[in-house]
Number of protein chains: 2
Amino acid sequence: MSILAIELSINEKLFLRNPQRTALGRKILRHSVMMIDELGIEQFNFRRLAGRINSTEASVYRYFENKQLLLVYLVNWYWEWMKFRIDMRTTHIGDPREKLKVAISCIVDTAKRDAKITFIDEDVLHRIVVAEGTKAYHNKEVDAQNKDGFFISYKSLCQKIADIILENNPGFPYPRALASNLLEMANNHIYFAEHLPRLTEVNGEGDVLKQVEELLVYFAWKMLFCNNEGRLNGNAGMP
Amino acid sequence: MSILAIELSINEKLFLRNPQRTALGRKILRHSVMMIDELGIEQFNFRRLAGRINSTEASVYRYFENKQLLLVYLVNWYWEWMKFRIDMRTTHIGDPREKLKVAISCIVDTAKRDAKITFIDEDVLHRIVVAEGTKAYHNKEVDAQNKDGFFISYKSLCQKIADIILENNPGFPYPRALASNLLEMANNHIYFAEHLPRLTEVNGEGDVLKQVEELLVYFAWKMLFCNNEGRLNGNAGMP
DNA sequence: CTATTATGATAGTAAAGCTATCATTTTTGC
DNA sequence: GCAAAAATGATAGCTTTACTATCATAATAG
């Protein structure tokens, strides 16, 4: 297996010219990640990016239609990378509970790719996903973009986690909701801990990622390995 | 108690001129809600809004600095309205479990205010919060805005729900995280059911709000009224 | 009924978000 | 190694957005 085999495959409709294949394309990816992290997606634009990489606006527009689609591209990259890591680290594990534990650790953490072949800083991309990720699908084009398969990566990532959830508790009625919730929760609580600390118990001063991982495991365990007293005292919420 | 007593108080730094106090201000609120719902926050702008209400861009700018702050204003309005409804419907309830049930119902639902005195359509505002709400705090100004108290309403809403959670289970270690998660989850799953149905078990065809309410109650009950088998088989996630 | 305040009308500026054209490199296929 | 094709750079321009300023008029409050 060559090292190129782990090149992440991204929906081709997201770009006009494949940015992974050319030096300028990789420069665009690399620096757009850094600039979106610095400026936020609203302040970021192709003119500034072109200036930074000593290229021109027109050249950037030859790769991506606009910054919104570039963001979707980057977020897809992140989802694909997470899927890949979960696969790598869980396929050899038999115990479903351990598998879920490892998956949750992948959700929160961002192992780096081989620095020699990567042109995106995964840690910085992770910060973007935490801060801007949901903007990828919170817009008026979501239905059209969904039809074009822009969110297949997210959905199959979610499905992968849902499958592990079902291995742990085959009767659990909300595997996909729990999976998507774990994914969203991870980003939210990292963000809250830093910016809106009263919305979480995760403490921004300590090791945030470790605490978020503990939080997710606590929630998932409660949901899945639980003899629910609630069923007895009042049937509310127990279908 | 006069009917004016339930006028919702919104942070004064969010506007230049109080839009609740003038006919034009109320027109701005009313129609911006409708237009943001129709166009999304990205396509919405003050020029279009001014055209729609037969006023001018300059006049709108006399009320709000920009559309981002207008969005924060509207979202604050929604949070304040939800807080008010939770108070109204839970203060007289003794049973904590029933209290939580009612709070969850308030989180998902959007009872209308008296049509005579309201100038915002709460159902439409609810759709905005579902689709655009998190953009109110996902931006580079979040820390500065948080210092100015723009998110006090959200935080105190979250605290109110966390208090009800603690009434139900005083030893629960993550009351604020669960509270914020219930709030975020409600919006997410309403949105997913409509646009990205593979991310949830909530079925977009049926009564979405009822299903989301059931989902939240199921999750909350599991978290709070649970004898956790997980503590015994493997200590993962049980601090 | 005048003094203040709110609105309208109009204009203008800087930046964002593109698109087009053509010259110049760089790459590819033979 | 060379011709054809493709990618990039340089430049220009256009439309829209996001504001700000000014002044006249309308509404209102004391």
Side-chain angles (χ1 to χ4, degrees), chain A residues 4 12-32 35-36 38-74 119 132 135-136 139-141 144-145, chain B residues 4 12-32 35-36 38-74 119 132 135-136 139-141 144-145:
Chain A
L4 285 173
E12 303 216 337
K13 289 186 179 166
L14 282 169
F15 49 81
L16 301 170
R17 182 172 299 168
N18 193 326
Q20 298 190 54
R21 298 276 164 79
T22 67
L24 179 60
R26 289 187 289 268
K27 234 170 143 187
I28 288 172
L29 293 179
R30 175 182 201 74
H31 287 88
S32 64
M35 290 188 79
I36 293 171
E38 289 162 19
L39 304 172
I41 192 70
E42 284 81 14
Q43 300 308 310
F44 169 81
N45 66 46
F46 283 179
R47 186 166 313 194
R48 272 195 256 271
L49 173 62
R52 170 111 146 214
I53 63 180
N54 293 313
S55 179
T56 61
E57 227 180 324
S59 294
V60 178
Y61 274 104
R62 288 181 184 115
Y63 283 86
F64 293 100
E65 273 186 62
N66 54 56
K67 68 178 178 182
Q68 146 74 7
L69 291 182
L70 170 56
L71 178 65
V72 179
Y73 180 97
L74 294 173
F119 33 94
E132 320 272 359
K135 294 174 190 171
N139 59 60
K140 283 288 165 187
E141 288 79 41
Q145 294 184 346
Chain B
L4 284 174
E12 303 217 335
K13 290 186 180 169
L14 282 169
F15 50 82
L16 301 170
R17 181 173 298 169
N18 193 327
Q20 298 190 54
R21 298 279 163 77
T22 68
L24 179 61
R26 290 186 288 267
K27 232 170 146 188
I28 288 172
L29 293 179
R30 175 181 201 75
H31 286 87
S32 63
M35 290 188 81
I36 294 171
E38 289 163 20
L39 304 172
I41 192 71
E42 284 81 14
Q43 300 307 310
F44 168 81
N45 65 46
F46 283 178
R47 188 186 314 244
R48 272 195 255 273
L49 173 61
R52 171 109 144 216
I53 63 180
N54 294 313
S55 179
T56 61
E57 228 180 323
S59 295
V60 177
Y61 275 104
R62 287 181 184 117
Y63 283 86
F64 292 101
E65 272 186 62
N66 54 54
K67 69 178 177 183
Q68 146 76 6
L69 291 182
L70 170 56
L71 178 65
V72 178
Y73 180 97
L74 293 173
F119 35 94
E132 320 273 359
K135 293 173 191 172
N139 60 60
K140 283 288 165 188
E141 288 79 42
Q145 293 184 347

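So you know, we letter chains A, B, ... as the sequences are listed, proteins then strands, and number each from 1.
B:E65 comes within 4.0 angstrom of sugar-phosphate atoms only, judged by non-hydrogen atoms across all strands, and of no base.
Rounding to whole angstrom units, CZ of residue B:R62 and C1' of D:dT22 are separated by 10 Å. For the pair B:Y61 OH and C:dG8 C1', the interatomic distance rounds to 17 Å; values are reported in whole Å. Residue B:N66 contributes atom CG, which lies 5 Å from atom P of D:dC19 at whole-angstrom precision. As rounded to whole Å, 5 Å separates atom P of D:dT8 from atom CG of A:L24. For the pair B:L39 CG and D:dT17 P, the computed distance is 10 Å after rounding to whole Å. Rounded to a whole Å, the CZ atom of B:R21 is 16 Å from the P atom of D:dT28. Between the P atom of C:dG12 and the CD atom of B:E57 lies a distance of 15 Å, rounded to the nearest Å. Between the CG atom of A:L49 and the P atom of D:dT8 there is a distance of 13 Å, rounded to whole Å.
Residue B:T56 places none of its side-chain N or O atoms closer than 4.0 Å to OP1 or OP2 of C:dA9. The phosphate of D:dT17 has OP1 or OP2 within less than 4.0 Å of a side-chain N or O from B:R48. Note on B:R17: a side-chain N or O is less than 4.0 Å away from OP1 or OP2 of C:dA6. Between A:S59 and D:dG9 there is a side-chain N or O to OP1 or OP2 distance below 4.0 Å.
At a threshold of 4.5 Å between non-hydrogen side-chain atoms, the residues A:L29 and A:L70 count as touching. Contact check for B:E42 versus A:E141: no side-chain heavy atoms found under the 4.5 Å cut-off. For the pair B:E65/B:L16, a side-chain contact is recorded, criterion being any heavy-atom separation below 4.5 Å from C-beta on.
Between the side chain of A:K27 and the main chain of A:F119, no donor-acceptor pair closer than 3.5 Å is present.
Residue whose closest nucleotide on DNA chain C sits further toward the 5' end, between B:N54 and A:E42: B:N54. Both B:F46 and A:Y63 lie near DNA chain D, and the one whose nearest nucleotide falls closer to the 5' end is A:Y63. Nearer the 5' end of DNA chain C, as judged by each residue's closest nucleotide, is the contact made by B:T22, out of B:R47 and B:T22.
Side-chain proximity of A:A58 to C:dT7, D:dT17, D:dT11: nearest is D:dT11. Side-chain atoms of B:K67 lie closest to D:dA18 of the nucleotides C:dT21, D:dA18, C:dG8.
Taking a cutoff of 4.0 Å between a charged side-chain nitrogen and a carboxylate oxygen, B:R52 and B:E38 qualify as a salt bridge.
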